[in-house]
Number of protein chains: 2
Amino acid sequence: MTGAATRRPRADALRNRERLLAEADAVFREQGTGASLEGVARRAGVAIGTLYGHFPTRTALIAALLDVRNRELFAHGDALAERPDPARALADWVRAVVRHAAAYQGLAAALAARSDELQDSCHRLTAIGERLVDRARTAGALRGDTTGADVFTLMNAAAWARGHDTPAQADRLLDLALAGMIVG
Amino acid sequence: MTGAATRRPRADALRNRERLLAEADAVFREQGTGASLEGVARRAGVAIGTLYGHFPTRTALIAALLDVRNRELFAHGDALAERPDPARALADWVRAVVRHAAAYQGLAAALAARSDELQDSCHRLTAIGERLVDRARTAGALRGDTTGADVFTLMNAAAWARGHDTPAQADRLLDLALAGMIVG
DNA sequence: ACCTGAACACCGTTCAAGT
DNA sequence: ACCTGAACACCGTTCAAGT
């Protein structure tokens, strides 16, 4: 075992990474996940090669952004599992994820594609969803045979609608589907 | 008024137009509406300039395809308005449009964008939807204040889901939302 | 170890020249 | 009147050369 231990990254590399993530977040919010990566690099003040050095694919960049943004969301999901009203908890969860996933146009499609690079995020999302679904079913609050997969599909579709219709209209769709899913 | 009357198109131009539409239909089914137009032209055996001559924008090409494909759908919609069970008629309509709009990946997004070039199709779709919604409401089969706009959003979202999830999973979403929209 | 930016590839779009 | 395809523009991606 002569292998060197993983060294801490160079300070400028770390700084470039942070700037790239910050600018990618801003650009993706404005233009969606299909935005020009050249533009992201320019705004971050680095050469395009530096961006590819840190994030070999567009999806890797998206995954890194989610890694940061998801912490809060997952904590919220875990907290919801302790709530007294399982039906409300499930509905709140879906609404929270939809708002979250609608931040970038194209993110819903990226999640739905279930690529390897995003599977960590997808896994956690489905796990929390399934837990809340199970609780709601046990409480008799679920209509029919609704599954965690149904919840995942609904979240993605509603997030997509938020980027292609008005948010208000997308929320109506979401309420409609939740009404079909949850009793009373 | 010396203006020449609109002449009938040259036979080769007509033939090129037909071949372009046929190949575009095939390519869009395989690869979605974002597919390479160069590829469409190649498959149709014409130069790329010929494609742009007939269809100045990608959306114009999509609109021309819908023009053909929509006839049957609209006829079906009109027939549904005569059906005895308004709730079933509305549900059947939504399902038919979704299957129709899911033929090309990206079509749902194009419809949701409501561009000028597609407004004819969108107009007809919403008009038929609204008529069926009104009948269902009069029959007391509609939950809450569901509107034609809700139906339009649902159709687009479900069509999107069909291209990004399994069709079966997308159909479950559709059934869920319909259950939230239509009374028993 | 990381950064740079020129180089290459690919595709969308236009338009002058043909028939 | 319509078709052709070269020409231009733009952007994604790689990689040899620098520090």
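A note on names: the letters A, B, ... follow the listed sequences, proteins ahead of strands, and every chain is numbered from 1.
Side-chain contact annotation: B:Asn16 with B:Thr50, donor-acceptor N/O pair under 3.5 Å absent.
Between A:His54 and C:dC2, a side-chain N or O to OP1/OP2 separation shorter than 4.0 Å is absent.
Side-chain N or O atoms of B:Arg58 include one that pairs as donor or acceptor with a backbone N or O of B:Thr33 at under 3.5 Å.
Separating the OH atom of B:Tyr52 from the P atom of D:dA7 is a distance of 18 Å, rounded to the nearest angstrom. In this structure, the CG atom of B:Leu51 is 15 Å from the P atom of C:dC11, given to the nearest Å. Rounded to whole angstrom, the span from the CG atom of A:Leu14 across to the P atom of C:dC2 amounts to 10 Å. Atom CZ of B:Arg58 is separated from atom C1' of C:dT13 by 11 Å (rounded to the nearest Å).
When distances are taken from the side chain of B:Ile48 to each of D:dC3, C:dT4, C:dT14, the shortest belongs to C:dT14.
Residues that satisfy the ring pair (Phe, Tyr, Trp, His ring centres under 6.0 Å) test with B:Phe152, not counting sequence neighbours, are absent from this structure. With sequence neighbours left out, A:Glu23 forms a salt bridge (Lys or Arg N to Asp or Glu O under 4.0 Å) with A:Arg43. Residues satisfying the salt bridge (Lys or Arg N to Asp or Glu O under 4.0 Å) criterion with A:Arg99, sequence neighbours excluded, are absent altogether. For B:Arg10, the salt bridge (Lys or Arg N to Asp or Glu O under 4.0 Å) test picks out B:Asp12, with sequence neighbours left out. Scanning for salt bridge (Lys or Arg N to Asp or Glu O under 4.0 Å) contacts around B:Arg131 gives B:Asp78, B:Glu82, with sequence neighbours left out. A search for side-chain hydrogen bond (donor to acceptor under 3.5 Å, both in side chains) contacts involving A:Arg42 returns nothing, not counting sequence neighbours.
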Taking only N/O atoms, report every protein-nucleotides 8-10 of chain D pair under 3.5 Å with atom names and distance.
none

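In the displayed structure, B:Arg88 atom CZ is contacted under 6.0 Å by at most 12 heavy atoms of other residues, nucleotides or ligands. Remark: B:Glu72 CD is loosely packed, at most 12 non-hydrogen atoms of other residues, nucleotides or ligands lying under 6.0 Å away.
Side-chain contact between B:Ile128 and B:Leu80: absent, with no pair of heavy atoms (C-beta onward) separated by less than 4.5 Å.
Contacts between residues 15-27 of chain B and DNA chain C, defined by a heavy-atom separation below 4.0 Å, involve no residue at all. Within residues 34-46 of chain B, the residues approached by DNA chain C to less than 4.0 Å at the level of any non-hydrogen atom are B:Ala35, B:Ser36, B:Leu37, B:Glu38, in residue-number order.
Within the structure, no pair that satisfies the ring pair (Phe, Tyr, Trp, His ring centres under 6.0 Å) test touches residues 39-85 of chain A, not counting sequence neighbours.
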Secondary structure string for DNA chain D (Watson-Crick or G-U under 3.5 angstrom, | for other-strand pairs): ||.|||||...|||||.||

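Counting any heavy atom pair closer than 4.0 Å across all strands shown, B:Gly53 reaches no nucleic acid atom.
The other residues sharing a hydrophobic cluster with B:Trp160 are A:Trp160, where clustering joins ILVMFWY side chains under 4.5 Å apart.
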